[in-house]
Structure formats: structure tokens, C-alpha cells
Amino acid sequence: AQSVTQLDSHVSVSEGTPVLLRCNYSSSYSPSLFWYVQHPNKGLQLLLKYTSAATLVKGINGFEAEFKKSETSFHLTKPSAHMSDAAEYFCVVSDGRGAQKLVFGQGTRLTINP
Amino acid sequence: DVKVTQSSRYLVKRTGEKVFLECVQDMDHENMFWYRQDPGLGLRLIYFSYDVKMKEKGDIPEGYSVSREKKERFSLILESASTNQTSMYLCASSLTTSGVPFLVWEQYFGPGTRLTVT
């Protein structure tokens, strides 16, 4: 079965500094990978997705992620954090080749300090 | 824009009650999903449906059932609510593209229903 591990349950950065949220995946196939964001009391919103095209994927709000097959990683980065980035972030992998089911990581809570 | 709506944002029910959570999507998506979200556990799949009247169990189906009589609507039913079903429930929908078997589409989520069972 496919799985995803978010290596940090909580990350805290200062406004204006870089953000790194780490994600490792396990998949028997070439996976589809996603990052979602959930702001307090809101639904989940897609940040970006990787579906076997370019390995560096750009998303909304200045976020990007790089697919590294050799490291089975899909880390999320942003060069400069903004207060509005404070939220919970989920790394997600497709559950099998072409399967429409998704498997969610446990989430990383991002805190931005002024 | 895809819109997924859920019937209630907050719901309080008593132990043993039958509970219906409704989800409607307006983009003609084939797939619909029900998840529960608990702190530290991420999202866990309860049931999903890839077509009208079709359903498949997810990872935690015990104590739940679902109904999909129309393409746009997917209902989650708690036959006899228990306190351990207190949680945030999220509905989602996604496309399936025929002829492209390995293309996985993103899921679009509703705002969630926070259910408390007392």
C-alpha cells in the first residue's frame, strides 16, 4: 500500500524567512503527489500537484515542491514566509497506479512568528 | 469554480441517534469521498463512490454507511451515533478521465461538518 510520512508535526518560522515542510512517500508505482493547505476553520485547498511531468512543481501563493524519486521525497518550500501562510499542510499520495483514492499524511502545522 | 457544499457546519447529536450528513457537488464529478479528520491523524477515508449507486469501503467504514442516488449527491449515515464518532467530517469530489487510465485528479473539498456526539 502507498503511504506518506510528514517528518515534522509542527514547524515554526519567522516572517520573511524560508519555509521547508518535509514529506517522504512510499509507492510501488510512479505516484501522483499533492500538497493541500487548510487554514483554521476552512476546508482543504490544493496548493500544487505532481503527475509525472516536470519534477519541480510550482503552486499557488509562491509555494513549490520538488519530486525526487531517488530520495522518495516531495518537500514543500517557499522562499519567504508570510503571516497568512500560517495553516496546516498535508502531503498526499495517490493510492496505487491511477487510483483516484488519495492517502493523506498526518499534517504539519506551520506557525509564522512576527 | 468547483463547489462542494455540506449540509451543516456544526451538528450536535445524542448517542444512539441516526445521523445524516449530506454533500453536494456542482461540477459533474464521477468520484465522491467521505473522510473524517482528527488531530494528529490527518484525513482517513470512510467510504467513496465512483458512480451513482456504487460505493466502496475506505479505511475506517465501521459504524458508517453511504448512499449515492444521484451523481451530485453523496450522503454519509451514522446508523447509531457513538461518542467516538465525534469528529470533523469532510466531503470531496474528483473527476475521472476515461481513456487516460493513470491520470489522478485532485480532490475538491467541502468546508466540513463538525459533529459532536454527546
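Sequence lines set the chain letters: A, B, ... in the order given, protein chains first and strands last, and positions in each chain run from 1. Remember, it's a predicted structure, so these values are computed and weren't measured experimentally.
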Using atom types as modelled and distance alone, determine if a side-chain donor or acceptor of B:T86 lies under 3.5 Å from a backbone N or O of B:V117.
-> yes
Return yes if some donor-acceptor pair links the side-chain N/O of B:T113 with the main-chain N/O of B:S8 below 3.5 Å, else return no.
-> yes
Would you mind checking if B:R44 and B:D38 are paired as a salt bridge, meaning a charged N to carboxylate O distance below 4.0 Å?
-> yes
Between B:S65 and B:E79, a side-chain donor and acceptor under 3.5 Å = yes
Determine the option with the most heavy-atom pairs under 4.5 angstrom with chain A, choosing from B:E56, B:R9, B:Q37.
-> B:Q37
Members of residues 3-12 of chain A whose heavy atoms come closer than 4.5 Å to chain B = none
Is the closest side-chain donor-acceptor distance between B:S94 and B:N31 under 3.5 Å?
-> yes
Examine distances only and state if a side-chain atom of B:Y64 and a backbone atom of B:W34 form a donor-acceptor pair shorter than 3.5 Å.
-> no
Give a yes or no on whether the backbone of A:A87 and the side-chain of A:H39 come within a donor-acceptor separation of less than 3.5 Å.
-> no
Is there a path from B:V66 to B:L78 through hydrophobic residues (I, L, V, M, F, W, Y) whose side chains come within less than 4.5 Å of each other?
-> yes
Which of the residues B:G112, B:G58, B:G42 is involved in the greatest number of heavy-atom pairs with chain A at under 4.5 angstrom?
-> B:G42
Is the CG atom of B:N84 crowded by more than 12 outside heavy atoms at less than 6.0 Å?
-> yes
Pull out the residues in residues 105-114 of chain A that come under 4.5 Å of chain B, heavy atom to heavy atom, sorted by number.
-> A:G105, A:Q106
Per-residue contact mode, A:L46 against chain B (heavy atom under 4.5 angstrom) = side chain
Could you look at B:Y35 and say if it's the side chain, the backbone, both or neither that has a heavy atom under 4.5 Å from chain A?
-> side chain
Trace of the side chain to side chain contact (heavy atoms under 4.5 Å, CB included) decision for B:K53 with B:E69 | CA-CA 6 Å; B:K53 296 191 184 296; B:E69 297 297 318; 2.4 Å; yes
Going by an N to O cut-off under 4.0 Å, is there a salt bridge joining A:E64 and A:K78?
-> no
Under the 3.5 angstrom rule, does the side chain of B:Q6 hit a backbone N or O of B:C91 as a donor-acceptor pair?
-> yes
Under 4.5 Å heavy-atom distance to chain A, tell me which part of B:L43 shows up: side chain, backbone, both or neither.
-> both
